[in-house]
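A short write-up of the structure that comes next.
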Amino acid sequence: MLDIKFIRENAELIKQAAANKRISCDVDQLIAVDAERRKVQQDLDALRTKSREGGERIGQLRNPKSKIHKDAVAAGKSAADIKAEAEQLQSELNDVKAQIKPLEEDDRRVVEQFESLMWTIPQPPASEVPVGKDDTENVEIRKVGTVPEFDFELKDHVELGEQLGIIDIERGVKLSGSRNYTLKGAGALLYQAVLRLAMDRMIDRGFTPMQVPVLVREEVMYGTGYFPTGRDQAYLCERDEMSLVGTAEVPLTAFHSGEILSEEELPIKMVAVSPCFRREAGAAGKDTRGLYRIHLFDKVEQVIICKNDEAESLKFHDEILANAEGLLQDLELPYRVVNVCSGDLGQGQVQKFDIETWMPSRNSYGETHSASRFYEFQARRLKLRYKDANRKTRFCHTLNNTVIAAPRILIPILELNQTPEGYVRVPKVLQPYMRGMEVITAEAK
RNA sequence: GGAGAGGUGGCUGAGCGGCUUAAAGCACCGGUUUGCUAAACCGGCGUACUGGUAUAAAGCCGGUACCGGGGGUUCGAAUCCCCCCCUCUCCGCCA
């Protein structure tokens with residue numbers, strides 16, 4: 001969410017941002033509704049002032065100890081006169097009240113309209129964001145690691161996993177429908193291993209480990225920017241008016257919502273592993289094979305809440321990106337970083353860097369990480385604030401990035417570490433988390 | 001799920017129709033004084049929307065709303081009525 005004052009003064013900028021982000025919103029209507037809203041509020045305020053002042057006078061006229069009452073008596077008014085004046089005033093205020101009533105209804109209607117329009121206004125992208133229509137126009141920033149060459153026929157992770165008895169997609173589908181899977185033996189171990197490694201690394205870097213709910217209230221989904229626009233991507237538990245989150249970013253970022261923090265508490269760095277639920281609506285037929293795009297996965301997510309300072313946000317954006325890159329380097333996986341173009345940005349994101357890891361079966365880099373900065377966008381929605389050094393209340397800035405997401409990261413790990421025999425070497429850093437296992441063989445299942 | 005008790009500013013807590021402009025205390029900020037830490041005294045101290053004015057910024061002067069949320073009664077509601085939510089205690093169920 002943006003400041004309405006900013007929107008009023010920069011309508012063209014917002015329209016351009018929406019066009020670049022390929023988000024539809026009606027800025028002109030918002031500005032019209034805003035003008036109406038302010039007009040109604042002014043009228044209502046004036047009437048309420050009249051009502052309050054009159055009401056107070058009645059109270060005092062009826063109170064013999066009040067100054068107004070004494071003054072009236074001193075001016076020679078009889079008790080009957082005073083009583084009549086109060087009654088006269090009371091009937092006048094009944095008229096005022098009759099005017100207030102319908103205006104209050106207008107106010108409610110207009111405010112509701114105003115808010116629902118406000119929810120749809122996008123955060124303008126940073127100037128460094130390339131303008132483009134979709135992910136094909138993302139701009140590569142750097143490649144790290146080398147894509148290895150193999151002198152034997154490669155298997156993809158599905159074939160490998162099924163032959164080793166560590167991936168069983170068919171039974172996952174039997175239990176839960178398409179885009180579901182099961183892992184077994186060393187597969188399940190490997191899944192846990194990457195998550196545990198990621199948590200340990202982040203704790204080493206000073207992030208506070210958290211355990212958070214994944215079933216959250218509507219306002220939390222609105223606050224983080226996933227609603228109302230992304231509603232069809234979420235699993236809803238309508239009976240309880242709750243939603244399953246698609247990422248721990250949601251509960252972590254909203255953790256301090258509605259609070260006014262002190263500046264000394266910032267930055268707040270949090271990390272959590274959580275299940276992530278995604279309906280993948282509109283992705284029918286896309287990435288159907290294997291573990292790439294599924295409905296439920298686990299992800300270690302890093303979130304930073306910092307001061308309202310763009311330079312500081314930028315610095316932390318680099319930091320969270322470096323955290324993820326460091327982990328991929330430890331896992332010896334080749335990847336590239338892309339500057340995500342405007343059309344591929346979310347509503348609230350100022351800028352986003354995706355990390356794409358090499359996946360032989362796709363013969364391309366596939367997205368495994370997504371590092372975003374939001375400036376105030378989420379904080380405004382969440383009423384997440386702090387008192388700065390001048391004791392002024394300001395909105396925080398928020399950022400987040402994947403640390404690791406499983407099972408997607410298992411795709412490059414399995415495919416890049418396969419041997420001619422169809423075994424999989426376990427990367428060194430994961431071995432301690434795999435009960436010392438160095439190679440996954442069929443026998444190891 | 002059932003019964004009871006509660007939800008008031010950053011915190012504690014009073015108020016239960018109009019001298020409430022939400023008391024008081026703590027915390028916090030500014031000042032005075034005492035050679036330091038501390039104490040005492042004086043002053044300040046919420047959030048949101050909004051009008052005016054001014055500026056390089058800050059600000060200054062007003063208005064309205066907000067005492068868990070939403071309705072209602074009333075000239076007037078933190079206070080009375082209705083609905084909902086949440087917390088606590090006990091019971092039930094349960095990993």
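The chains referred to below are lettered A, B, ... by the order of the sequence lines, with proteins before strands, and numbering in each begins at 1. The figures that follow rest on heavy atoms only: side chains count, while hydrogens, waters and symmetry mates do not.
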Options U64(B), C49(B), C75(B), nucleotide nearest the side-chain atoms of Asp45(A): U64(B)
Check: Tyr292(A) ring centroid to His157(A) ring centroid under 6.0 Å: no
Contact pattern, 5' to 3', of nucleotides 16-23 of chain B - B, S or - by protein heavy atom under 4.0 Å: --B-----
Modelled atom types, side-chain donor and acceptor of Glu249(A) and Gln378(A), under 3.5 Å: yes
Nearest-Å distance for atom pair CG/C1', residues Leu47(A) and G63(B): 12 Å
Nucleotide of A48(B), U50(B), G46(B) approaching Arg385(A) most closely (side-chain heavy atoms): A48(B)
Close approaches to RNA chain B from residues 208-222 of chain A, in residue order (heavy atom, under 4.0 Å): Arg217(A)
Distance, rounded to the nearest Å, where Ile100(A) contributes CD1 and G72(B) contributes P: 13 Å
Bracket string, RNA chain B, 5' to 3' - pairs by Watson-Crick or G-U geometry under 3.5 Å, | interstrand: ((((((((.[[[..)..(.....]]].(((((.......))))).((((((((.....)))))))).[[[[[..)....]]]]])))))))....
Nearest-neighbour nucleotide for the Arg108(A) side chain, C75(B), G71(B), U50(B) considered: G71(B)
Closest listed nucleotide, where the reference is the side chain of Lys97(A) and the choices are G51(B), G76(B), G71(B): G76(B)
Gln351(A) side chain to Arg373(A) side chain, donor-acceptor N/O pair below 3.5 angstrom: yes
Arg196(A) charged N/C atom sitting above Tyr433(A) aromatic ring, 6.0 Å / 45°: no
